[in-house]
Amino acid sequence: YKIATLKRANNQNAINNIKNIIAISSGKGGVGKSSTAVNLALALQKQGAKVGILDADIYGPSIPTMLGTENQQPLTPDNKHMTPIMAYGLASNSIGYLVDPNGAMVWRGPMASKALLQILQDTLWPELDYLVIDMPPGTGDIQLTLAQNIPVTAAVIITTPQDIALIDAKKGITMFNKVNIPTLGIIENMSYHICEHCGHHEAIFGEGGAKHLAKQYQTKLLGQIPLQKMLRQDLDTGKPTVINHPDSEFSQLYYQIAGNI
Ligand code: ADP
Ligand code: MG
């Protein structure tokens, strides 16, 4: 605990423009970390906050696609620091901007962790109320190194209601507890599906899982997001739902979650 706290304090200087760092995390891949991180960052911005997003998913960066900024590259005014890519008012950086999008990352853990810390620390972040970090899936070395070296204010855990996702979500909460980072709460993504014809809500991956988990770990269920075609399509075209359909019922759900943060 002590080492983690000390390291966090040491690194505070490099990113002292940032008031709060929120790590969006999950034990498992494909549950909607990136989707939630992007829409939530935009929802926080709508509340008047200054927000940035850091894509820490070094092996599968998806923020550039979801923000429609794939072909952009950060400028390096002094060959060391990078200016973040701006999209919809969000300041962003991602390993995806820096490497060939079709080249697979074959870095080992220590190199990947180092690259990530660099992207965080060498980016010329503007004054930010929140930096949302889209974390890589899992609870391995990279996640632990990040959690110990980045002054994370709090973590938000994303899960689906499915048992295999919930098991991994528990590992995520346990990891953050170990490094003394508070968990703000859990967001249940792909919670249900709303039929586009009849409006019926159907539970696809099960029901009540995240609520139960929140209770078990004495944290909050921050919100439930349905599995909807619109959410997927908007992200695939680089216009997240909070931007493309700001008045939709789905955007409202993100605003509510942002209000809880
Ligand atoms: P992760 O970052 O956890 O790996 P993603 O956010 O990339 O997961 O989500 C995986 C895929 O599922 C993406 O292609 C995304 O568009 C889609 N997706 C995520 N959440 C939803 C949702 N609530 N409704 C529809 N599609 C979703
Ligand atoms: Mg992702």
Side-chain angles (χ1 to χ4, degrees), residues 22-43 53-70 90 92-97 99 101 104-105 112 116 119 132-140 142-143 146 155-162 164-169 171-173 175 186-196 201-207 209-210 221-245 248-258:
I22 310 286
I24 308 287
S25 191
S26 76
K28 200 166 141 47
V31 296
K33 275 183 304 303
S34 306
S35 312
T36 311
V38 165
N39 277 301
L40 195 56
L42 291 162
I53 189 161
L54 174 70
D55 187 350
D57 196 345
I58 213 132
Y59 298 110
S62 34
I63 297 301
T65 306
M66 292 180 174
L67 289 178
T69 49
E70 300 102 316
L90 284 186
S92 69
N93 207 353
S94 164
I95 196 88
Y97 295 140
V99 300
M105 271 301 162
L116 265 184
I119 303 184
V132 174
I133 303 192
D134 181 13
M135 294 281 283
T139 46
I142 301 183
Q143 291 76 18
L146 279 185
V156 170
I157 306 285
I158 313 295
T159 184
T160 69
Q162 208 174 357
I164 49 168
L166 290 164
I167 291 168
D168 290 350
K171 292 183 198 160
I173 300 176
M175 183 193 78
I186 301 169
I187 298 176
E188 188 175 73
N189 189 38
M190 309 186 186
S191 187
Y192 52 94
H193 176 258
I194 307 173
C195 172
E196 276 136 53
H201 287 210
E202 189 190 0
I204 293 181
F205 294 118
E207 253 174 305
L221 178 62
L222 292 169
Q224 292 168 298
I225 307 289
L227 174 71
Q228 296 298 136
K229 201 177 186 174
M230 182 200 279
L231 289 168
R232 202 266 306 150
Q233 278 172 335
D234 286 347
L235 290 162
D236 282 353
T237 51
K239 292 186 216 84
T241 299
V242 166
I243 295 293
N244 208 26
H245 298 95
S248 65
E249 56 187 309
F250 313 126
S251 293
Q252 303 295 338
L253 295 172
Y254 289 113
Y255 305 151
Q256 271 169 28
I257 296 173

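Just so we're clear, the structure is a prediction, and the values are computed from it rather than from any experiment. For this chain, numbers begin at 1 and follow the sequence in order. First listed ligand is number 1; within each ligand, the first listed atom is number 1.
Residue contact check for ligand 1: Lys229 places no non-hydrogen atom closer than 4.0 Å to it. The closest approach between any non-hydrogen atom of Pro137 and ligand 1 is not below 4.0 Å.
Counting protein heavy atoms only, atom 25 (C) of ligand 1 is closest to Gln228 O, 3.0 Å. Scanning the protein heavy atoms around atom 12 (O) of ligand 1, the nearest turns out to be Met190 CE, 3.9 Å. The nearest protein atom to atom 17 (C) of ligand 1, hydrogens excluded, is given as Arg232 CG, 4.0 Å; this is a heavy-atom distance.
For ligand 1, the polar-atom distance check against Leu231 finds no nitrogen or oxygen pair separated by under 3.5 Å. The N/O atoms of Ser35, backbone and side chain alike, include one that comes under 3.5 Å of an N/O atom in ligand 1. Taking distance alone, with nitrogen or oxygen atoms compared against 3.5 Å, Gly32 approaches ligand 1 more closely than that limit. In terms of polar-atom proximity, defined here as any N/O pair under 3.5 Å, Ser34 does make such a contact with ligand 1. Checked against a 3.5 angstrom limit, the closest N/O atoms of Pro226 and ligand 1 fall inside it. Any N or O atom pair closer than 3.5 Å counts here, and Asp236 shares no such pair with ligand 1. For ligand 1, one of its N or O atoms has an N or O atom of Gly30 under 3.5 Å away.
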| task | Might you work through the side-chain hydrogen bond (donor to acceptor under 3.5 Å, both in side chains) test for Thr160 and Asn189, ending with a clear yes or no? | result | CA-CA 5 Å; Thr160 69; Asn189 189 38; over 6 Å; no
| field | Pair Tyr97-Ser92, side-chain hydrogen bond (donor to acceptor under 3.5 Å, both in side chains): steps then yes or no | value | CA-CA 10 Å; Tyr97 295 140; Ser92 69; 2.7 Å; yes
| task | Give the intermediate values and the outcome of side-chain hydrogen bond (donor to acceptor under 3.5 Å, both in side chains) for residues Ser248 and Ser251. | result | CA-CA 5 Å; Ser248 65; Ser251 293; 3.2 Å; yes
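No donor-acceptor distance shorter than 3.5 angstrom exists from the side chain of Lys239 to the backbone of Met66, with no hydrogens or angles considered.
Residue contacts with ligand 1 for Met66 involve side-chain atoms from C-beta outward but no N, CA, C or O (heavy atoms, distance under 4.0 Å). With a heavy-atom cut-off of 4.0 Å, Asn189 touches ligand 1 through its side chain alone. Here Lys33 has heavy atoms under 4.0 Å from ligand 1 in both its backbone and its side chain.
In terms of heavy atoms, His193 sits closest to Leu227 at CD2-O, 2.8 Å. Pairing each heavy atom of Phe205 with each of Met190, the nearest pair is CD1-O, 3.6 Å. Taking each heavy atom of Leu166 and Pro161 in turn, the nearest pair found is CD1-O, 3.4 Å. Across all non-hydrogen atoms, the minimal contact from Ser26 to Ile158 is CB-O, 3.1 Å. Closest approach of Gly209 and Glu188 over heavy atoms only: N-OE2, 3.9 Å. Scanning both residues, Leu231 and Pro226, for their nearest heavy atoms gives CD1-O, 3.3 Å.
Within a 4.0 Å radius of atom 23 (N) of ligand 1, the protein contributes at least one heavy atom.
The Mg ion (ligand 2) has an N, O or S atom of Ser34 closer than 2.8 Å.
Other residues, nucleotides and ligands contribute at most 12 non-hydrogen atoms within 6.0 Å of the CD atom of Glu207.
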